[in-house]
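What follows is a short report on a single structure.
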Amino acid sequence: MSKVVTRFPPSPTGHLHIGGARTALFNWLLARNKGGKFILRIEDTDLDRSSKEMTKSIIEAMEWLGLTWDEGPYFQTKRFDIYQHHIKLLINQGKAYYCKCTREEVDEMRKKAMDKGEKPKYDGRCRELGLGPGEGRVVRFKAPLRGETVFNDLLKGPIAVDNRELDDFIIKREDGSPTYNLAVVVDDATMGVTHILRGDDHINNTPKQVLLYEALGYQVPKFAHVPMILGPDKKKLSKRHGAKSVLEYKELGYLPEAVLNYLVRLGWSYKDQEIFTLEEMIKKFSIKRLSNSACVFDPEKLKWVNSQHIKKKDKRELAILLRKYLANQGIVTQDISYLEKIVPLLQPRSHTMVEMAEKAKFFVIEDEKIEYPKDTLEKFLTQEVKAHLVELTNRFSSLEEFSINSLEDVTRQYLEEKNIKFKLLAQPIRICITGQTASPGLFETMEVLGKDRTLNRLNRALRLV
RNA sequence: GUCCCCAUCGUCUAGCUCGGUCCAGGACACCGGCCUUUCACGCCGGCGACAGGGGUUCAAAUCCCCUUGGGGACGCCA
């Protein structure tokens with residue numbers, strides 16, 4: 001049994017987006033599941049559109065997601081001599097040829113073919129000319145004129161294409177650089193890639209690539225074409241849909257494991273399970289359970305998945321993350337152990353880390369910075385309520401142990417004495433100590449805040465009205 | 001236009017390989033209710049789909065064909 005080798009080959013013409021991340025994930029998962037190898041390869045043969053910044057961004061995104069690679073990153077621009085060698089091989093064997101047709105001429109041919117009701121193609125006019133290299137010339141692959149090219153897709157089964165649908169595609173550009181189809185094949189073959197999982201928008205490329213493998217005498221790898229991710233309008237996901245880069249989700253407060261979890265469920269399933277840890281994903285992943293129809297990206301569900309992972313995540317790790325997201329909102333604190341106490345109160349209430357940071361604010365800022373929205377104090381702190389709160393604050397202050405239990409005990413006792421309902425005082429207290437009408441449970445909040453700050457806030461608010 | 005792929009609730013999907021256990025299960029969203037000091041969480045319930053038509057069969061979401069619909073590809077982009 002030979003080792004499974006997969007790869008992810010992004011082209012650095014844009015950020016790593018959701019669709020790319022999912023493809024990377026599937027390949028990574030397969031490699032990890034089989035104890036194989038996962039390669040990262042940067043496909044930067046398009047010199048004009050590729051950039052260093054995007055390469056950096058993609059790598060950063062991969063690292064953030066935790067999709068670790070065992071080899072690479074390789075850069076195609078550093079492998080030009082390898083491609084050159086293979087191209088020469090094909091030419092020498094009469095399997096490829098130089099073509100002197102201009103772009104305009106080719107356009108013309110394509111138009112003609114269209115008019116005849118055929119697929120737009122190059123008509124092969126230089127095919128038998130035996131041309132040598134020269135200014136403005138490209139190299140084309142000599143595709144078979146008849147017969148069919150078949151490959152067995154691991155997901156969709158055998159796919160056969162009539163060779164008349166293919167044309168003599170370019171493998172080497174005017175400027176000498178290799179084109180995509182040649183470069184992938186040479187790379188995958190020489191890197192020993194055994195399994196290729198990619199979007200099914202590549203199905204049409206596959207016959208060409210199979211032909212190339214055969215012409216070069218390489219073994220054809222196994223292909224699995226996974227359905228694509230569509231926008232809500234059922235069109236290919238793009239910036240139109242705010243098809244954000246993966247890194248944007250980081251900014252928005254998503255956990256990498258949640259993004260991965262959501263992505264894996266888009267086009268893959270394991271019975272009725274929705275939430276997976278990384279380990280579970282690796283253990284349970286199999287090509288067989290990939291679905292074969294396109295799916296629509298649903299931000300709402302992503303959010304829910306994220307909230308589930310927030311609930312599960314280690315408090316300390318969350319506290320560290322929370323500190324970063326607070327800093328993004330301009331609130332700097334070094335006190336991780338304090339944040340660690342806040343986290344459990346916020347876990348069930350936060351769908352994203354950004355949300356958690358917002359909800360954590362009042363815990364962290366100074367007492368004097370608590371702002372009371374206009375009129376709320378007047379509205380909630382009526383004379384009657386105020387009198388109660390003054391008295392209650394007094395009792396709080398005489399508490400030795402400032403805990404949920406002690407706090408609740410004094411309060412209940414007070415309510416009983418005065419024969420009033422907690423409802424009468426709850427919101428007013430909340431307003432005083434948080435400045436908000438919504439917050440975690442009052443006693444928990446007070447405990448976390450601590451005696452000093454709680455009393456301070458209570459007194460300050462009471463004074464203001 | 002030509003070729004290729006796909007087709008279960010609004011969305012993600014289970015079930016389809018080995019037809020009966022499916023008047024189709026789960027999840028998100030949505031709508032009720034419960035819990036409750038607010039907001040959430042959680043729990044309970046509801047809404048909601050086998051694209052259509054033909055076959056095959058005692059029996060089809062499951063197999064076959066056609067239609068329709070959707071998506072993708074047709075580049076000196078990847």
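Numbers restart at 1 for each chain; the letters A, B, ... are given by sequence-line order, proteins then strands.
- The P atoms of rU11(B) and rA59(B) are separated by 32 Å, rounded to the nearest whole Å.
- Side-chain proximity of S293(A) to rC3(B), rG26(B), rA7(B): nearest is rA7(B).
- Here the separation of rG52(B) from rC9(B), taken at their P atoms, is 10 Å to the nearest Å.
- The nucleotide rC41(B) finds no pairing partner, because no Watson-Crick or G-U wobble arrangement with both distances shorter than 3.5 Å includes it.
- Put simply, CZ on F402(A) and CG on L449(A) are 8.0 Å apart, with the number rounded to the nearest 0.5 Å.
- Looking at E174(A), its side chain comes within 3.5 Å of the base of rC76(B) through a donor and an acceptor atom.
- No engagement by K303(A) is indicated, since no non-hydrogen atom pair under 4.0 Å with the nucleic acid exists.
- rU2(B) and rA73(B) make up a base pair, with Watson-Crick or G-U wobble contacts both under 3.5 Å.
- Residue W304(A) contributes atom CH2, which lies 18 Å from atom C1' of rG10(B) at whole-angstrom precision.
- The side chain of T45(A) sits closest to rA78(B) out of rA78(B), rU38(B), rA27(B).
- Where Y180(A) and E274(A) meet RNA chain B, the nucleotide closest to each residue was compared, and E274(A) sits on the side nearer the 5' end.
- Among the candidates N27(A), N205(A), T206(A), the single residue satisfying the side chain to side chain donor-acceptor pair (under 3.5 Å) test with R198(A) is T206(A).
- Distances shorter than 4.0 Å separate some side-chain N or O of R289(A) from OP1 or OP2 on rG15(B).
- One donor-acceptor pair, N or O on each side, does fall under 3.5 Å between the base of rC39(B) and the side chain of R349(A).
- Nucleotide rA60(B) is matched to nothing when pairs are restricted to Watson-Crick or G-U wobble geometry with both distances under 3.5 angstrom.
- Side chain of N292(A), nearest nucleotide from rC12(B), rC41(B), rC6(B): rC6(B).
- With hydrogens and angles ignored, the 3.5 Å screen pairs a side-chain donor or acceptor of R137(A) with a backbone N or O of G132(A).
- Using P as the reference atom, rA14(B) and rC30(B) are 24 Å apart when rounded to the nearest Å.
- Look at the C1' atom in both rG19(B) and rC63(B): the space between them is 8 Å, to the nearest Å.
- A cation-pi arrangement is present between R140(A) and Y122(A) under the rule of less than 6.0 angstrom and at most 45 degrees off the ring axis.
- Atom NZ of K284(A) has more than 12 heavy atoms from other residues, nucleotides or ligands within 6.0 Å.
- The residue among A426(A) and R265(A) whose nearest nucleotide of RNA chain B lies closer to the 5′ end is R265(A).
- One atom, NZ of K423(A), and another, P of rU37(B), lie 6 Å apart when rounded to the nearest Å.
- Side-chain proximity of K156(A) to the nucleotides rC12(B), rC6(B), rC76(B) is greatest for rC6(B).
- Side-chain contact check for Q76(A) and R79(A): no donor-acceptor pair (N or O, by modelled atom type) lies under 3.5 Å.
- Under the Watson-Crick and G-U wobble criteria, each requiring two contacts below 3.5 Å, nucleotide rC23(B) is left unpaired.
- Here the separation of rC34(B) from rA51(B), taken at their P atoms, is 39 Å to the nearest Å.
- Comparing rC76(B), rA78(B), rC12(B) by their closest approach to the side chain of H202(A) singles out rA78(B).
- Rounded to a whole angstrom, the distance from the P atom of rU62(B) to that of rG15(B) is 15 Å.
- The 12-atom threshold is not exceeded at NZ of K88(A), counting heavy atoms of other residues, nucleotides or ligands nearer than 6.0 Å.
- Among the heavy atoms of the strands lying under 4.0 Å from P440(A) is at least one base atom, whether or not backbone atoms are also near.
- Look at rC30(B): its Watson-Crick or wobble partner, with both distances under 3.5 angstrom, is rG46(B).
- G441(A) comes within 4.0 angstrom of a base, heavy atoms only.
- For the pair R412(A) and F422(A), the cation sits on the ring face: its NZ or CZ lies under 6.0 Å from the ring centre, inside 45° of the axis.
- Judged by the 6.0 Å and 45° rule, R265(A) forms no cation-pi pair with F276(A).
- A heavy atom lying under 4.0 Å from RNA chain B marks the following residues of residues 203-215 of chain A, by number: I203(A), N204(A), N205(A).
- Using a 4.0 Å heavy-atom distance criterion, E165(A) is classed as a sugar-phosphate-only contact.
- The stretch residues 351-359 of chain A has no heavy atom under 4.0 angstrom from RNA chain B at all.
- In this structure, CG of L16(A) is placed 18 Å from P of rA78(B), rounded to the nearest angstrom.
- A pairwise comparison of heavy atoms in N163(A) and E148(A) identifies ND2-N, 3.4 Å as the closest pair.
- Distance K312(A) NZ to rC41(B) P: 18 Å, rounded to the nearest Å.
- Distance from the side chain of P120(A) is smallest for rG1(B) among the nucleotides rC28(B), rG1(B), rA78(B).
- Proximity of R110(A) to the phosphate of rG75(B): a side-chain N or O atom is located under 4.0 Å from OP1 or OP2.
- Under the 30°/60° scheme for interplanar angles, the aromatic rings of Y180(A) and H202(A) are found to be tilted.
- A close approach under 4.0 Å does not occur between any side-chain nitrogen or oxygen of R430(A) and OP1 or OP2 of rU36(B).
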Restricting both atoms to N or O, compile the protein contacts to nucleotides 65-71 of chain B shorter than 3.5 Å, with distance only.
residue: rG71(B); atom: OP1; partner: K235(A); partner atom: NZ; Å: 2.4

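- Comparing the P positions of rG54(B) and rC12(B) gives a spacing of 28 Å, expressed to the nearest Å.
- For the atom pair R430(A) CZ and S439(A) OG, the distance stands at 4.0 Å (nearest 0.5 Å).
- The 12-atom threshold is exceeded at CD of E378(A), counting heavy atoms of other residues, nucleotides or ligands nearer than 6.0 Å.
- Atom CD of E416(A) has 12 or fewer neighbouring heavy atoms from other residues, nucleotides or ligands inside a 6.0 Å radius.
- Nearest heavy-atom pair, H15(A) versus S245(A), reported as atom, atom and distance to 0.1 Å: CB-CB, 3.2 Å.
- In this model, the phosphate group of rG25(B) is not approached by any side-chain N or O of Q273(A) to a distance below 4.0 Å at OP1 or OP2.
- At least one donor-acceptor pair under 3.5 Å links the side chain of R289(A) to the backbone N or O of S269(A).
- Only the P atoms considered, rU68(B) is 24 Å distant from rA61(B), to the nearest whole Å.
- Closest approach to the D272(A) side chain among rU38(B), rG25(B), rC12(B) is made by rG25(B) (side chain taken as heavy atoms from C-beta onward).
- Look at CG on D201(A): it is 6 Å from P on rA73(B), rounded to the nearest Å.
- Distances shown here put a side-chain N or O of S269(A) below 4.0 Å from the OP1 or OP2 atom of rA14(B).
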